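In each ligand, atom 1 is the first atom listed, and ligand 1 is the first ligand listed. Since we're looking at a predicted model, the values are computed, not measured.
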Amino acid sequence: MLKVYNTMSRRKEEFKPLKEGEVSIYCCGVTPYNHPHIGNARPFVTWDVIRRYFAQKGYTVHYIQNFTDVDDKIINTANKEGLQWSDISGRYIKAYFEAMDALNVKRADVYPRVSETIPDIIAMVQQLIDNGYAYAVDNGDVFYSVEKFAGYGKLSGRKLEDMQAGARIEVDTRKQHPMDFALWKSAKPGEPSWDSPWGKGRPGWHIECSTMSLKYLGKKFDFHGGGSDLIFPHHENEIAQSQACLGDEHSFAQYWLHNGFITIHNEKMSKSKNNFFTVKDILKEYPGEVVRFFILQTHYRSPLDFSDERLKEAQVSLGRLQQSKAFMDELRKKEGSSDTAKDLAAKAAQYRQDFYEAMDDDFNTALAISQLFGLSKDINIYYQEVMNKGVDYDAAGFARVSEIYLEMASIIGIFEQEEAAVDDGLTDKLMELIIGIRQDARKEKNWAIADKIRDELKEVGIVIEDTPNGARWKKA
Ligand SMILES: [Zn+2]
């Protein structure tokens, strides 16, 4: 049984899909005005694993993620650079895809953009006015009336009275309630705008996600996700808009999943604090798979502290898993019909079961990954037995082991990049072997072989030094 932590109910619930065998997901995307930072990347890596998991379990996955391609930040950046807003959003949508491709994040089914959804957004705003939940003011702004929606605050657990008390700063007198928010903003000079029943303007932020999710996933869909900073006001407002528009308090997303923050020295990372790292910069130092693995070694709801040390640790850990994969590939080239992998296959089946149990418990990737490590160790032991201890190989039994190992890895989304291969000591072991052979040759006064080994190593950039304590090697 798959359980998920639903922010709406504040507890783990059994997941029941709306449609048997299908799962529909909407995840809030980025505002493309800058390179995505590691905190932006976390929800997308998280949802990528979730959708891979559902797909592995046989579900058909529908996954929608938007681009807020019309926004103050994009317009400001465009003005600073003397470019069009669409130049900026186009540039950073491209940068977004480059970063996500490097993290093995699969593409969504649709990436709706605000600029391409304007007629649908206008229709939804009009519906909200018609239903009595929204009002237009003199200059053409349209606001949502939070007092009209009885359930306002149900996702974030806030009460309107408390929010009103907190809202002291210059209350807009055109608003009926200080927490009312803009559905449509009237055009300002130099800004992109579209014709509407209320004059030229552009959508407020929250309305796009209501419009897009309902348009592509229907009145009810399974999951809505994003960073926990989106719970209020963004997701609260999405609920208010969508359910008021449809006139059904059970419509819209059934499960709300929110990932934790990424912190730097335990402080929240954000563009406003200027303590953020872009994925692009991190990728200069680490392969994308290492960054992905680093993110997934922590449960998605827990805070994740980012540091160079933690990334290095992730690189070494991933290297271990890759090493076993290399051993596995080598073994699988062999033939053998013993039954020596029978016990290992039984253990692998247990690791697989534990992996699925971890994932079924609110997508606990941290615990799931530990099953991969368990199997990795056992694969290494079997490899040594077959290669060095004369144990007969069991091709059929080991094929099942390798299948399970790769199945778990494909859900986590690793072993998909060749360049991510990390050495993890293999060079050391090979060099030890070669130096040993050369020592043997020297003992037998076979100088021709000893010199040949030294000279040919030199050609590939490795220098052997003979010292009183034996031979040493280093890269030239
Ligand atoms: Zn959104």
Side-chain angles (χ1 to χ4, degrees), residues 6-8 24-34 36-37 39-48 50-51 62-74 89 92-93 96 100 105 107-118 120-122 124-125 128 144 146 149 151-156 158 179 181-185 202-246 251-261 270-271 300:
N6 191 348
T7 306
M8 184 64 88
S24 44
I25 303 166
Y26 184 91
C27 181
C28 290
V30 294
T31 301
Y33 76 104
N34 206 337
H37 62 63
N40 296 138
R42 192 177 189 191
F44 309 127
V45 170
T46 299
W47 282 102
D48 186 67
I50 294 174
R51 62 185 291 204
H62 308 282
Y63 182 84
I64 309 294
Q65 189 182 310
N66 65 312
F67 282 117
T68 305
D69 70 339
V70 181
D71 177 89
D72 288 343
K73 295 185 210 96
I74 294 171
S89 57
Y92 290 111
I93 284 172
Y96 168 84
M100 292 307 124
V105 171
R107 299 283 167 113
D109 297 320
V110 189
Y111 288 98
R113 302 183 187 190
V114 179
S115 64
E116 294 165 355
T117 317
I118 300 287
D120 304 280
I121 291 174
I122 290 173
M124 189 164 188
V125 175
L128 284 167
Y144 186 94
V146 292
F149 185 67
Y152 195 76
K154 64 182 172 182
L155 180 70
S156 56
R158 297 176 190 223
M179 296 310 290
F181 57 90
L183 298 170
W184 187 261
K185 299 169 172 183
R202 61 184 168 100
W205 172 33
H206 314 295
I207 192 72
E208 70 185 74
C209 288
S210 286
T211 307
M212 292 165 178
S213 49
L214 296 175
K215 178 175 178 178
Y216 291 100
L217 296 175
K219 292 177 181 176
K220 280 187 181 182
F221 55 94
D222 296 305
F223 289 105
H224 197 312
S228 46
D229 51 340
L230 295 182
I231 296 172
F232 190 88
H234 186 52
H235 290 162
E236 194 73 65
N237 291 353
E238 279 189 43
I239 293 168
Q241 293 163 156
S242 306
Q243 296 184 346
C245 179
L246 298 169
S251 61
F252 208 49
Q254 306 299 299
Y255 301 90
W256 290 85
L257 269 58
H258 293 99
N259 61 277
F261 296 132
S270 70
K271 277 178 187 164
Y300 76 90

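The aromatic rings of His235 and Trp256 are tilted relative to each other, their planes meeting at an angle between 30° and 60°. Using a 30° and 60° split on the angle between ring planes, Phe232 and Tyr152 fall in the perpendicular class, above 60°. His224 and Phe221 have tilted rings, their planes meeting at an angle from 30° to 60° on a 0 to 90° scale.
With sequence neighbours excluded, the residues that form a side-chain contact (heavy atoms from CB on, under 4.5 Å) with Gln254 are Leu18, Lys220. Phe261 meets the ring-ring contact (aromatic ring centres under 6.0 Å, His included) test with no other residue; sequence neighbours excluded.
The Zn ion (ligand 1) has Cys28 SG, Cys209 SG, His234 NE2 as protein N, O or S atoms under 2.8 Å away.
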Return all side-chain donor-acceptor pairs below 3.5 angstrom for residues 202-209, not counting sequence neighbours, or 'none' if the list is empty.
from, atom 1, to, atom 2, distance (Å)
Arg202, NE, Glu191, OE1, 3.1
Arg202, NH2, Asp72, OD1, 2.5
Arg202, NH2, Glu191, OE1, 3.2
His206, ND1, His234, ND1, 2.9
His206, NE2, Asn237, ND2, 3.2
Glu208, OE2, Asn66, ND2, 2.7
Glu208, OE2, Thr68, OG1, 2.7

